[in-house]
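Below is one structure. I have some questions about it.
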Amino acid sequence: MLTIADVSKSYGTRELFSDVSLFIARTDRLGLIGPNGAGKSTLFSLILGEERPDTGTIEWERGADFGFLPQESAPAGEETILHIATSGKKLEPTDDDFDIDYTLEPRAKKILAGLGFKEGDAEKLAKTFSGGWVMRAHLARLLVAEPALLLLDEPTNHLDLEALLWFQDYLTRYPGGLVVISHDRAFLNALCTGMLELRAGTLHYYHGNYDNFLAEKEARKAQQAALFKNQQREIAHLQKFVDRFGAKASMASRAKSKEKQIERLEAVAVEEPHEELKRINFRFPQPPRSGLKVIELEHVQQAYGNHVVYRDLNFTAERGQRVVLVGPNGAGKSTLLKILAGVIPIQGGTVELGSNVVPGYFAQNRLDNLDPTLTVFENVMSLRTNENQLTEQQARAILGAFLFRKDDVHKPIGVLSGGEKSRLALARLLVKPPNLLLMDEPTTHLDIQSIDSLITALKNYEGTLIFISHDVHFIRALAQNVLHVHSGRLTPYAGDYDYYLEKSKASDARAALTAGFTDARPVQQKAAAPAGKSPAAPAAKKATPNEIRKFREQVGQLEKKVSELEAKQNEITAALEDPASYADKGKFHHLNRELSVIVDEIAAATAEWEKAATKLAEMEQG
């Protein structure tokens with residue numbers, strides 16, 4: 001379908017790659033990886049014809065079509081989401097139209113629903129949505145069009161986990177070829193049958209998915225190292241002979257022969273394997289030690305309009321814990337992190353920081369951590385205080401560790417890539433190291449090498465870490481405790497992610513990140529007495545046996561109501577655990593809404609039952 005032959009590309013004196021050759025068949029599923037700046041997006045631009053190679057050729061098979069998803073889309077105009085998803089094709093027939101595709105609109109709406117759009121969103125103007133949602137609409141456009149080859153540049157960056165899992169499943173059944181730039185290991189493992197690594201100006205091909213690539217790369221590296229060692233040993237042995245006998249007339253011819261042998265060996269010698277050069281390399285400065293209790297939430301209430309996220313939230317974190325928050329989208333994970341970080345005001349209850357606690361918040365939207373009016377360098381220097389006395393040299397050293405070097409430090413925030421914004425947000429954390437680190441999707445936009453560097457730094461971090469991530473590799477490397485967030489309730493698991501998978505009986509490590517409850521319902525919080533009111537005073541008059549009997553029946557009815565609601569809740573949570581529920585987006589959202597209503601009804605019914613049971617006990621005691 002596509003042939004790339006001996007392609008080279010340079011910008012000035014900087015050579016991105018040389019003599020790159022590749023053949024892509026219609027059935028290929030290829031992942032394109034490599035460090036940031038290696039030239040992956042440039043290779044896509046050459047394939048698309050947006051740029052021309054310095055040397056070499058790129059040829060498409062006649063009739064082959066392709067679809068391309070860039071990292072960022074152009075600003076939306078007056079078109080609707082459905083208009084983008086259907087590529088602006090006519091959906092209504094006119095007198096001159098005889099070939100209207102009547103499946104186009106329902107197919108587009110089904111794909112939009114799978115990517116997370118709600119019912120009715122399709123008719124809304126795209127400009128009323130964020131850039132991430134507009135990107136989802138363009139992704140839907142490609143899936144609706146079904147080109148022979150999909151070229152996707154970081155397609156998962158703008159997807160929440162539910163949409164990502166749907167998209168991943170959809171691509172497993174996609175009838176065409178695929179080349180995807182991605183830093184998501186699980187995504188690459190699920191889809192790819194071959195890996196392309198762009199490294200040091202050369203394109204290397206590996207069979208299999210990302211895990212296969214890691215194993216084969218390590219084997220190739222070991223083989224190359226052994227071959228290099230043997231060749232260098234042979235060259236050294238020959239050179240020793242030349243050095244010893246080259247000056248002797250009787251041995252001159254043999255020495256000359258050995259020199260030619262050395263030249264032949266050096267001409268075909270393999271290079272010594274080397275590590276990647278461009279990768280972030282840093283350590284968190286160890287923060288001041290906090291008290292044992294780091295933060296405590298008591299009876300916290302939080303809502304967005306009529307949508308209640310938390311009604312009576314209680315939570316405590318202790319020094320040194322490493323907690324990952326999991327649960328369905330919309331359950332309140334990011335809201336909980338923002339409450340802990342103090343970036344949103346609570347509507348009830350208390351948030352209390354422990355002794356000597358310094359919180360640091362790494363927002364999912366990196367611009368929340370950055371000042372868009374300043375340059376990279378100014379964003380770091382803005383953290384200078386009388387206490388830290390940050391110097392320009394120190395700021396440049398910190399930025400250098402995150403690959404901002406020379407003139408890169410003067411870039412305005414608006415021109416930074418997603419990966420650069422993530423690296424800058426991390427760099428700012430080093431200036432004033434927190435001892436309570438709160439991170440929302442920290443691996444988004446980072447390349448695989450940078451994610452590994454972040455894992456290493458966090459393993460050596462001595463503070464308290466609470467984070468959200470859909471990167472299972474990242475979670476397994478760091479989480480020591482799991483906190484499941486669902487319908488305003490928190491269920492702790494006193495073990496790592498594999499312990500959570502075992503206890504929740506999850507069949508898929510990634511799907512379990514957004515699963516509903518799979519074990520016993522946590523103890524309901526008792527309803528607090530309304531402010532300013534005292535509990536009801538004991539009845540002044542002693543109840544008769546007949547009154548007690550009737551009231552006991554009322555309490556029994558209330559208890560039965562609670563049991564029935566709990567049974568209904570168990571049915572819904574069981575349905576949410578069924579993978580089929582996630583395939584039908586409408587059914588999933590309906591079950592989630594129904595579960596939210598049931599939880600509220602259980603809380604109200606339990607409070608009513610407790611009040612009645614307390615009164616019954618008082619009546620029976622006389």
Kindly say whether Gly34 contributes a backbone atom to a donor-acceptor pair with the side chain of Lys40 at under 3.5 angstrom?
yes
Test of understanding: with salt bridge (charged side-chain N to carboxylate O under 4.0 Å, His left out), list the residues that count as partners of Arg396, not counting sequence neighbours.
none
Would you give the length of the straight line joining atom CD of Gln449 to atom NE2 of His183, rounded to the nearest 0.5 angstrom?
8.0 Å
Test of understanding: with side-chain contact (heavy atoms from CB on, under 4.5 Å), list the residues that count as partners of Glu462, not counting sequence neighbours.
Gln286
Aromatic ring pairing His484/Tyr500, orientation class (parallel under 30°, perpendicular over 60°, tilted between)
tilted
Short side-chain to backbone donor-acceptor contact, Arg428 and Asn379, under 3.5 Å
yes
Thr316: which residues meet the side-chain hydrogen bond (donor to acceptor under 3.5 Å, both in side chains) condition with it, sequence neighbours left out?
none
I'd like to check the salt bridge (charged side-chain N to carboxylate O under 4.0 Å, His left out) partners of Asp471; sequence neighbours left out, ordered by chain and number.
none
Are Val308 and Gln347 close enough that some pair of their side-chain heavy atoms sits under 4.5 Å apart?
no
With sequence neighbours excluded, residues passing side-chain contact (heavy atoms from CB on, under 4.5 Å) with Asp498:
Arg476, Asp496, Leu501
Can you confirm whether Asp407 is buried at CG, in the sense that more than 12 heavy atoms of other residues, nucleotides or ligands lie under 6.0 Å from that atom?
no
How long is the gap from CZ on Arg489 to CZ on Arg311, to the nearest 0.5 Å?
12.0 Å
For Ile344, all residues meeting side-chain contact (heavy atoms from CB on, under 4.5 Å), sequence neighbours excluded:
Gln302, Tyr304, Thr335, Lys338, Ile339
Decide yes or no for Leu424 and Val380: does some side-chain heavy atom of the first lie under 4.5 Å from some side-chain heavy atom of the second?
yes
Indicate whether any N or O donor in one side chain lies under 3.5 Å from an N or O acceptor in the other, for Arg384 and Gln389.
yes
With a cut-off of under 6.0 Å to the ring centre and 45° to the axis, is Arg136 in cation-pi contact with Phe117?
no
Taking atom CD of Gln393 as the centre, report whether more than 12 heavy atoms of other residues, nucleotides or ligands fall under 6.0 Å from it.
no
Measuring from atom CZ of Phe404 to atom CD of Glu420, what distance do you get when rounded to the nearest 0.5 angstrom?
5.0 Å
